[in-house]
Amino acid sequence: MLKEYRTVTEVVGPLMLVEGVEGVKFEELVEIELQTGEIRRGRVLEIHEDKALVQLFEGSAGINLKNTKVRFLGRPLELGVSHDMIGRIFDGLGRPIDDGPKIIPEKRMDINGVPMNPVARDYPSEFIQTGVSAIDGLNTLVRGQKLPIFSGSGLPHAELAAQIARQARVLGEGEKFAVVFAAMGITFEEAQFFMDDFTRTGAIDRAVLFINLADDPAIERIATPRMALTCAEYLAYERDMHVLVILTDMTNYAEALRETSAARKEVPGRRGYPGYLYTDLATIYERAGRIKGRPGSITQIPILTMPEDDITHPIPDLTGYITEGQIILSRELHKKGIEPPINVLPSLSRLKDKGIGEGKTREDHADTMNQLFAAYATGKEARELAVILGEAALSDTDKAFAKFAEEFENRYVNQGYNNNRSIIETLDLGWELLKLLPRTELKRIRDVFLEKYLPLETEGVEK
């Protein structure tokens, strides 16, 4: 029989102070019974002598200090996991919200996870196809990688997230693949967009959705990504699946962390965020990876909206330190109507070289990738020069590069949200665009590949 406490002495925002407690542990789950009989949940945030600070999941409205009963359950917040979770939609605390049957768990797992032994980690080295050329061709996603998308307010990161969730797959026979999608602090309209998109396209059949709305308690928002990653760990390491975890929007998560930190009267760090923001984000991002000897993997795509498009803001800044690159969405390309507006030049996948090449994508991938990057950068410079000096000041080669940059944006990057390109189609399109340039300018591609994929008679520009 659990001991009941009626010693609530203070309630401030989402926090409650209980005195005279015994044997209570950090992160322990708490049950709060109101005078109306309503049951709410919380977790132990801090313990000092016989006092416990409890964080409330459902808010503190209506709590009467005198008549509230508190029970400490002796276990952390857990998620009941099962293979039947695939195809289902849950709220931020793992409760079904899709009118489907209750999940009968095969086991219960602590949502905080178990730290992965660095020695047991396997190096990410296999390609994941997202069907998006700007990612697959130039900033390749690799199994076990964490590759964030840096967006801005009003940019179409939701459409890109839905597209990747819908199209992503691993190449190879008999590989089991699933998507775990967690949305934090989104509006009802956005939540409806994701649910409708997943259901309409059939992507729901291999996905698990966790949805936390903007009007849900901030504390639930802090649990949502951990719920999603616990589900992913079960599917990857117990069910041998390759799992892609998409987390949107990490900015809302960090705001919830700041709100809780302020309620605890902690000393604020940069821009009011708690000093442990880096550590906290690392506990989420570092749950991606592969374990030696186990076939499953967890790959992460966290999405965050940069406040005021500021890449030096603490959230993108710290995320960049922990993760392996970033995909950056451009407001300028968005205004041009390019979908998705991925700015490939500042984007980077630090592990892309490990997941491409013969046997993974195609032998010419690395060379064409480097050449496309260089040619696009040169083409953008040529376009800027034309604006300042006029087009007449450009040489024929400069004009060819400027035309290449235009075509690259309009055909390679701008593929729309419903066009699923295979990696072979992406590589072939790259070669098609490189025909716009003089052969002598293709200095980053080995001759053996030029002869194979760009025979002389098909060149569009005179040598």
Side-chain angles (χ1 to χ4, degrees), residues 78-88 90 94 103-131 135-136 140-148 164-182 198 203-210 224-247 282-302 322-324 349-352 354-356 359-361 423:
E78 294 172 330
L79 176 67
V81 290
S82 159
H83 193 262
D84 297 335
M85 294 176 84
I86 295 176
R88 300 292 303 275
F90 302 89
I103 296 286
I104 299 167
E106 289 170 24
K107 64 187 293 189
R108 302 195 72 83
M109 294 173 70
D110 179 356
I111 67 158
N112 297 301
V114 179
M116 201 186 288
N117 184 341
V119 179
R121 276 187 183 273
D122 210 353
Y123 203 86
S125 63
E126 286 130 329
F127 171 70
I128 288 184
Q129 180 175 292
T130 64
I135 298 175
D136 291 349
T140 314
L141 181 65
V142 181
R143 268 185 237 176
Q145 184 177 7
K146 36 200 183 291
L147 185 64
I164 293 171
R166 195 168 59 236
Q167 296 178 178
R169 67 190 192 93
V170 290
L171 304 182
E173 292 298 312
E175 299 278 24
K176 294 183 287 182
F177 187 72
V179 173
V180 175
F181 187 94
F198 275 68
I204 190 75
D205 295 339
R206 57 162 196 177
V208 186
L209 272 68
F210 290 86
T224 305
R226 293 179 170 83
M227 289 280 173
L229 286 160
T230 303
C231 172
E233 283 169 352
Y234 167 75
L235 295 174
Y237 305 134
E238 310 259 336
R239 290 287 182 159
D240 299 340
M241 299 180 83
H242 296 292
V243 186
L244 176 64
V245 181
I246 299 175
L247 306 171
T283 62
I284 292 174
Y285 298 146
E286 291 297 346
R287 287 172 77 172
R290 308 196 58 191
I291 296 178
K292 287 176 185 167
R294 295 203 187 172
S297 65
I298 296 177
T299 309
Q300 264 190 44
I301 299 184
I322 304 164
T323 53
E324 291 122 6
S349 168
R350 291 194 184 101
L351 300 179
K352 62 187 174 191
K354 309 297 175 197
I356 62 175
K360 292 177 181 176
T361 52
I423 185 60

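What you see below is based on every heavy atom in this structure, not just the backbone, and it leaves out hydrogens, waters and symmetry mates. Model, not experiment: these values are computed from the prediction.
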One thing to verify: whether Glu175 and Arg169 come together as a salt bridge, which I'm taking to mean a side-chain N less than 4.0 angstrom from a carboxylate O. no
Taking every heavy atom of Leu247 against every heavy atom of Val245, the minimum-distance pair comes out as CD2-CG1, 3.7 Å
Practice prompt. Check the pair Ile204, Leu209 against side chain to side chain contact (heavy atoms under 4.5 Å, CB included), reporting the backbone distance first and the verdict last.
Written response: CA-CA 8 Å; Ile204 190 75; Leu209 272 68; 3.8 Å; yes
State, yes or no, whether a side-chain contact exists between Thr130 and Leu244 at a heavy-atom distance under 4.5 Å.
no
Interatomic distance, CG@Leu235 vs OG1@Thr230, rounded to 0.5 Å, equals 11.0 Å
Q) Between Asn112 and Thr283, is any pair of side-chain heavy atoms under 4.5 Å apart? A) no
Rounded to the nearest 0.5 Å, the CE atom of Met227 sits from the CE atom of Met109 at a distance of 12.0 Å
Under a 4.5 Å cut-off applied to non-hydrogen side-chain atoms, are Leu147 and Glu324 in contact? no
Heavy-atom closest pair (Ile111 atom, Arg226 atom, distance to 0.1 Å) is O-CB, 3.4 Å
query = Is there a donor-acceptor contact under 3.5 Å from the side chain of Lys176 to the main chain of Arg239?
reply = yes
Between the NE2 atom in His83 and the CE atom in Met241, the distance rounded to the nearest 0.5 Å is 4.5 Å
Sidechain-backbone polar pair: Gln129 side chain, Ile423 backbone, donor-acceptor under 3.5 Å: yes
Any Glu286 side-chain heavy atom under 4.5 Å of Arg121 side chain: yes
(Q) Quick check against the 3.5 Å criterion: does Arg350 have a side-chain atom that pairs as donor or acceptor with the backbone of Thr323? (A) yes
Exercise. Would you say Val142 and Lys352 make side-chain contact, with heavy atoms under 4.5 Å?
Worked result: no
### Check against side chain to side chain contact (heavy atoms under 4.5 Å, CB included), Leu141 and Ile164
CA-CA 11 Å; Leu141 181 65; Ile164 293 171; 5.7 Å; no
Side chain to side chain contact (heavy atoms under 4.5 Å, CB included) filter on Glu126, not counting sequence neighbours, yields Arg143, Arg290
I want to check something: taking the side chain as every heavy atom from C-beta on, are Phe90 and Cys231 in contact at a cut-off of under 4.5 Å? no
Tell me, with the steps shown, if Glu106 and Glu238 meet side chain to side chain contact (heavy atoms under 4.5 Å, CB included).
CA-CA 11 Å; Glu106 289 170 24; Glu238 310 259 336; over 6 Å; no
For Gln145 and Ser349, the nearest pair of non-hydrogen atoms, with its separation, is NE2-OG, 3.0 Å
d(Lys146 NZ, Ile284 CD1) to nearest 0.5 Å is 13.0 Å
On a heavy-atom basis, the closest approach of Ile298 and Ala236 is CG1-CB, 3.6 Å
Correct closest heavy-atom pair for Gly355 and Thr361 would be O-CG2, 3.9 Å
With sequence neighbours left out, the residues meeting ring pair (Phe, Tyr, Trp, His ring centres under 6.0 Å) with Tyr234 are none
Item to complete: Decide yes or no for Lys354 and Thr140: does some side-chain heavy atom of the first lie under 4.5 Å from some side-chain heavy atom of the second?
Response: no
Taken in chain and number order and not counting sequence neighbours, the residues that satisfy side chain to side chain contact (heavy atoms under 4.5 Å, CB included) with Asp84 are Ser82, Ile103
Nearest heavy-atom contact between Ala165 and Val179 is O-CG2, 3.6 Å
Sorted by chain and number, sequence neighbours left out, side chain to side chain contact (heavy atoms under 4.5 Å, CB included) with Ser125 holds for Lys360
Hits for ring pair (Phe, Tyr, Trp, His ring centres under 6.0 Å) against Phe198, two or more places apart or cross-chain, chain-then-number order -> Phe181
Mind checking whether Gln167 and Asp136 have side chains closer than 4.5 Å, heavy atoms only? no
Residues 291-302 vs side-chain hydrogen bond (donor to acceptor under 3.5 Å, both in side chains), sequence neighbours excluded, gives His242-Ser297
